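One structure is given here, and the rest of the page talks about it.
Just so you know, these numbers come straight off a predicted model, no measurement behind them.
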Amino acid sequence: MTEFVESGDSAEWEEIEVRDTEADRIARRQDREFSEFRKRLKDTEQFKVEGSVFDDATYAALYKLVQDDYLQAFGGPISTGKEANVYEAIGEDGETVAVKVYLTTTSNFQQMSDYLAGDPRFEGIRGTKTKVVIAWVRKEFSNLRRAREAGVAVPDPIAVQRNVLVMEYLGDEDGPAPTLDEVEIENPETAFSVVREYMRRLYDAGLVHGDLSEYNLVVHDGQITVIDVGQAVTVHHPNAEDFLERDCKNVASFFADLGVDVTTDSLRAYLDAEASPP
């Protein structure tokens, strides 16, 4: 390798010695390993899902989770959508985990921005679609932790890296846990009391789910569990009251159809009386 050195009116080439350092060798090895990892995923049938166009940064995020021992192997897709694909994978201790990959190219940027804009935890989030999606994933991770701390049954959040979230897998060898609308509820009154208590605990912890319905409640190991908390907002969000009203309407409507004596107003009154949000 040479360096160009100017001296007065003339210029000359001066030979300099450049050694191949250990850091250089490590960097080259890591580049090779990442390239091989990315190629394996691209060539895997499970990842050839329509619409799942992962950019290099997403592959890098998955690679980092593998390097940090959060992931050992990938399985097939659990669900696919416009905003995110969820894959089955093997986690650190050999347990099955769910890997939720948000698609930075197709996610609903404006809707995400609306939910983030009034959340004091994510003030100042501006810029590209990618930045908003990354903030959204951090928000979902944070909401899962906060809900669990409040005593609400939600998937255990394991790790987050850029636009990828690793969490507990809800299901068994036959597939993912069914939603409430997919099962026969033997005792609607008991099921309603569980969901109502989850809503109270969330509200008491300063969170509103924002999209709660029979489609975001699953039955896993005989227990009702809340899922999809990415859009959940704090009670300080300017639209928190509207979101809570909508949650009450959805839940009351579902259980009223099953014979439970509940209305939107009675459920909302219960939450206002029994919860003390910060």
Between the CZ atom in Arg201 and the CD atom in Glu274, the distance rounded to the nearest 0.5 Å is 13.0 Å

Heavy-atom closest contact (Ala252 atom, Thr263 atom, distance) = CB-C, 3.6 Å

When you look at CG of Asp261, are more than 12 heavy atoms from neighbouring residues, nucleotides or ligands closer to it than 6.0 Å?
-> no

Flag the pair Ile134 / Val132 as yes when at least one side-chain heavy-atom distance between them is below 4.5 Å, and no otherwise.
-> no

Does a sphere of radius 6.0 Å around OH in Tyr215 hold more than 12 heavy atoms from other residues, nucleotides or ligands, not counting ones at 6.0 Å or beyond?
-> no

Once the angle between the rings of His237 and Phe243 is folded into 0 to 90°, is it parallel (under 30°), tilted (30 to 60°) or perpendicular (over 60°)?
-> tilted

To the nearest 0.5 Å, tell me how far Glu95 CD sits from Asp156 CG.
-> 9.5 Å

Is Arg146 salt-bridged to Glu149, going by a charged N under 4.0 Å from an acidic O?
-> no

Side-chain (Asn85) to main-chain (Val101) donor-acceptor, under 3.5 angstrom | no

Side-chain touch Leu258/Phe192, heavy atoms, less than 4.5 angstrom | no

Is it possible for you to say whether Ile90 and Met167 belong to one hydrophobic cluster, with membership spreading through side-chain heavy-atom contacts below 4.5 Å?
-> no

Go through the steps for Asp272 and Tyr203 under the test side-chain contact (heavy atoms from CB on, under 4.5 Å), then give the verdict.
-> CA-CA 9 Å; Asp272 287 338; Tyr203 197 38; 4.0 Å; yes

Which atom pairs, one a donor and one an acceptor, fall under 3.5 Å between side chains of residues 216-228 and the rest of the protein, sequence neighbours left out?
residue: Asn216; atom: ND2; partner: Asp211; partner atom: O; Å: 2.6
residue: Asn216; atom: ND2; partner: Asp211; partner atom: OD2; Å: 3.3
residue: His220; atom: ND1; partner: Gly171; partner atom: N; Å: 3.3

Taking only residues two or more places apart in sequence, or in another chain, which ones meet Pro157 in a side chain to side chain contact (heavy atoms under 4.5 Å, CB included)?
-> Phe141, Leu144, Arg145, Arg148

Compute whether any side-chain donor of one residue and acceptor of the other, for Asp181 and Thr179, lie under 3.5 angstrom apart.
-> yes

Would you call Leu244 and Leu271 a side-chain contact if the rule is heavy atoms closer than 4.5 Å?
-> yes

Closest non-hydrogen atoms of Val235 and Pro277, given as atom of the first, atom of the second and distance, are CG1-CB, 3.9 Å

Taken to the nearest 0.5 Å, the spacing of Phe255 CZ from Ser193 OG works out to 8.5 Å

Reported CD1-to-CG distance for the pair Ile158 and Leu165, which is rounded to 0.5 angstrom | 9.0 Å

CG (Asp265) and CD (Glu245) are apart, to the nearest 0.5 Å, by 6.5 Å

By side chain to side chain contact (heavy atoms under 4.5 Å, CB included) - contacts of Val86 (at least two apart) | Ile78, Ser79, Ala98, Lys100

Give a yes or no on whether a salt bridge exists between Arg246 and Asp242, defined as a side-chain N under 4.0 angstrom from a carboxylate O.
-> no

Please tell me if the side chains of Val97 and Leu71 come closer than 4.5 Å, counting only heavy atoms from C-beta onward.
-> yes

Checking Asp69 side chain against Glu92 main chain: does a donor-acceptor pair fall under 3.5 Å?
-> no

Which of Lys139, His209, Glu140 passes side chain to side chain donor-acceptor pair (under 3.5 Å) with Gln231? It is His209

Any side-chain heavy atom of Met199 within less than 4.5 Å of one from Leu267?
-> yes

Val160 reachable from Leu170 in the ILVMFWY side-chain graph, under 4.5 Å edges = no

Do Val164 and Val137 come within less than 4.5 Å of each other through their side chains, counting heavy atoms only?
-> no

What distance separates Gln67 CD from Leu62 CG, expressed to the nearest 0.5 Å?
-> 12.0 Å

Beyond-backbone contact of Pro176 with Tyr169, side-chain heavy atoms, under 4.5 angstrom = yes

Salt-bridged, Glu189 to Arg196, with N to O below 4.0 Å?
-> no

Determine the minimum heavy-atom distance between Asp204 and Pro278, stating which atoms define it.
-> O-CD, 3.6 Å

Please report the shortest heavy-atom distance between Ala191 and Ile185, naming the atom on each side.
-> CB-CG2, 3.9 Å

Flag side-chain contact, heavy atom, 4.5 Å: Thr58 against Arg162 = yes

Of all heavy-atom pairs between Leu65 and Ala159, which one has the smallest distance, and what is that distance?
-> CD2-CB, 3.9 Å

